[in-house]
Amino acid sequence: MKAGVIGLGAMGAGMAANLTKQGLLAAVWNRTYDKAVDFAGQHGVAAAADAPTVAAQCDVIVTCVSADADVLEVVDAMLPELGEGKVVVDTSTVSADTAREAAERVAATGAQFLDAPVSGGKEGAEKATMVMMVGGDEATLERVRPVLSAISRSATYMGPSGAGQVTKAVNQIMVAGINQGVTEALAFGQAQGLDMDKVIEVLSGGAAGSWFLQHRGPTMVRGVYEPGFKMALHRKDLEICRAMLENMGVALPVVEMTLKQYRPLIEGGHGDDDISGLYRSKRA
Ligand code: NA7
């Protein structure tokens with residue numbers, strides 16, 4: 001099985017490197033071509049000239065681009081080279097509607113599309129410890145499992161097209177709440193003059209312990225907010241959640257508060273910071 005990766009950003013580059021380790025990677029493409037050439041040079045794989053070339057050369061095409069319009073743009077570009085037996089696995093976080101639209105366009109060629117967003121951050125992509133939530137055809141998921149196993153800790157079938165993205169929306173609401181809780185609490189502790197490394201160490205073993213506290217706590221209290229997971233991308237995800245709310249009769253106050261607090265930070269030039277940069281607005 002030959003796999004290709006389109007989009008060698010913070011997440012895609014780690015996934016592509018892990019596919020190389022398993023001998024599965026046949027081609028990569030990145031819109032900013034220098035990135036593809038650098039990756040190809042380091043990992044001994046071909047840098048394709050464009051997305052359709054990756055589609056032509058590979059059985060499984062893993063895409064990891066930014067937002068809804070980007071996924072549809074890349075999918076449309078590949079359509080002439082897709083056909084029976086080929087599978088597009090989109091690991092970007094976009095709306096469930098976009099996933100269903102992309103799946104329809106791909107299915108018209110005889111190929112298959114899986115929405116397969118991931119959670120675990122840049123470190124998870126590099127160490128292949130991400131979890132993956134998959135929507136689409138279950139048999140297709142099983143067929144491409146060797147590729148998904150090379151880039152993730154688990155790939156769980158969630159239901160028909162779009163179900164992976166809806167699950168990811170649930171995840172992103174939780175991430176907003178965890179970010180709110182950890183940044184607010186640590187800023188409070190720091191303002192009280194505590195030794196914050198000790199605070200993080202002791203609390204990590206108790207009921208408030210979390211991945212975010214352990215991995216982002218020590219850096220946020222030092223004013224370091226390197227990605228990670230870009231705040232501008234989390235805002236995109238929370239806006240997707242907000243758009244899904246219509247006619248659902250539930251409220252998302254944590255999402256609303258987080259969007260409100262991200263806004264001045266992103267407008268102030270911090271959109272590429274890790275989401276733990278929310279700490280800036282909590283500091284005394
Ligand atoms: P990054 O590090 O911002 O990387 C985004 C990648 O997507 C990067 O390689 C971009 O190419 C590529 N991209 C974006 N738009 C396009 C279009 N229209 N066509 C082709 N390539 C494109 O994001 P992450 O890796 O952290 O996250 C990626 C996704 O996973 C996102 O949905 C997250 O929410 C989860 P560039 O180098 O800019 O030319």
Side-chain angles (χ1 to χ4, degrees), residues 4-19 27-40 47-55 61-79 88-99 102 114-128 130-135 148 151-152 164-176 179 216 225-241 243 258-259 262 266 270-277:
V5 174
I6 291 179
L8 299 169
M11 303 294 288
M15 295 185 217
N18 285 315
L19 285 166
V28 292
W29 177 70
N30 194 75
R31 178 179 59 181
T32 305
Y33 196 58
D34 287 354
K35 271 196 219 169
V37 171
D38 284 353
F39 183 93
D50 50 29
T53 305
V54 178
I61 304 104
V62 177
T63 52
C64 189
V65 296
S66 302
D68 294 62
D70 304 309
V71 170
L72 293 176
E73 187 182 323
V74 167
V75 162
D76 283 348
M78 289 192 291
L79 291 178
V88 177
V89 178
D90 181 39
T91 62
S92 321
T93 299
V94 295
S95 71
D97 284 347
T98 292
L114 299 174
D115 50 297
V118 292
S119 176
K122 186 170 182 273
E123 300 97 317
E126 286 166 355
K127 295 181 184 155
M130 308 181 296
V131 297
M132 188 174 261
M133 38 221 105
V134 185
L148 306 190
I151 59 180
S152 65
Q165 294 295 355
V166 178
T167 309
K168 180 69 191 275
V170 173
N171 183 77
Q172 297 308 70
I173 296 168
M174 284 188 209
V175 168
N179 195 10
R216 299 291 181 254
Y225 316 114
E226 283 166 12
F229 178 39
K230 291 177 191 163
M231 193 181 287
L233 288 175
H234 195 212
R235 174 171 72 172
K236 158 187 72 77
D237 300 346
L238 297 180
E239 282 170 346
I240 289 171
C241 298
T258 305
L259 283 170
Y262 279 173
I266 292 170
H270 301 302
D272 281 349
D273 283 0
D274 181 73
I275 59 168
S276 55

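The shown structure was predicted, so the numbers you read here are calculated from the model rather than taken from an experiment. Read the numbers this way: they start at 1 and go in the same order the structure lists the ligands and their atoms.
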Atom pair CG/OG1 of Leu238 and Thr258 - distance to nearest 0.5 Å: 6.0 Å
Tell me which protein heavy atom sits closest to atom 25 (O) of ligand 1, plus the residue, atom name and distance to 0.1 Å. Met11 N, 2.9 Å
Would you mind checking which non-hydrogen protein atom is closest to atom 4 (O) of ligand 1, with the distance to 0.1 Å? Gly9 CA, 3.4 Å
Which of the atoms in ligand 1, numbered in the order shown and given with their element, are less than 4.0 Å from a heavy-atom of Leu8? 9 (O)
Would you mind running through ligand 1 and noting each atom that sits below 4.0 Å from a heavy atom of Cys64? 6 (C), 7 (O), 28 (C), 29 (C), 30 (O)
Heavy-atom count check: over 12 atoms from other residues, nucleotides or ligands less than 6.0 Å from Glu239 CD? yes
Measuring from Asn171:CG to Thr93:OG1, what's the distance to the nearest 0.5 Å? 8.5 Å
Nearest non-hydrogen protein atom to atom 32 (O) of ligand 1, with distance, is Ser66 O, 2.7 Å
Looking at non-hydrogen atoms alone, which of Asp70, Thr93, Val74 comes nearest to atom 35 (C) of ligand 1? Thr93
So, does Asn30 use its side chain to make a donor-acceptor pair with the main chain of Tyr33 at under 3.5 Å? no
What's the separation between atom CE in Met15 and atom CE in Met132, rounded to the nearest 0.5 Å? 6.0 Å
Heavy atom of Lys236, distance to ligand 1 below 4.0 Å: yes
Quick one: list whatever passes salt bridge (charged side-chain N to carboxylate O under 4.0 Å, His left out) with Glu73, sequence neighbours left out. none
Quick check on contacts: which atoms of ligand 1 are under 4.0 angstrom from a heavy atom of Lys35? 36 (P), 37 (O)
Considering both backbone and side-chain atoms of Arg31, is one of its nitrogen or oxygen atoms within less than 3.5 Å of a nitrogen or oxygen in ligand 1? yes
Closest non-hydrogen protein atom to atom 9 (O) of ligand 1, residue and atom name please, with distance? Asn30 OD1, 2.6 Å
Among Val5, Thr32, Leu72, Asp237, the residue with a heavy atom nearest to atom 36 (P) of ligand 1 is Thr32
Under 3.5 Å between some N or O of ligand 1 and some N or O of Lys230? yes
Return the option from Ala36, Ala10, Gly7 holding the heavy atom at the smallest distance from atom 2 (O) of ligand 1. Ala10
Taking atom 12 (C) of ligand 1 as the reference point, the nearest protein heavy atom with its distance: Val65 CG1, 4.0 Å
Just which atoms of ligand 1 are under 4.0 Å from any heavy atom in Leu233? 23 (O), 24 (P), 26 (O), 27 (O), 33 (C)
Can a non-hydrogen atom of Trp29 be found less than 4.0 Å from any atom of ligand 1? yes
Under a 3.5 Å threshold, yes or no: a donor from one side chain and an acceptor from the other, between His234 and Tyr262? yes
Looking only at distance, does Phe229 have an N or O less than 3.5 Å from an N or O of ligand 1? no
Compare all side-chain heavy atoms of Ile240 with those of Asp68 and state whether any distance is below 4.5 angstrom. yes
Ligand-side contact atoms (ligand 1) for residue partner Glu73, heavy atom cut-off under 4.0 Å: 18 (N)
Any Lys/Arg nitrogen of Lys230 or Asp274 sitting under 4.0 Å from an Asp/Glu carboxylate oxygen of the other? no
Audit row: Ser92, Asp90, side-chain hydrogen bond (donor to acceptor under 3.5 Å, both in side chains) steps and yes/no: CA-CA 6 Å; Ser92 321; Asp90 181 39; 2.7 Å; yes
Looking at NZ of Lys168 and OG of Ser119, how far apart are the two atoms once the value is rounded to the nearest 0.5 Å? 6.0 Å
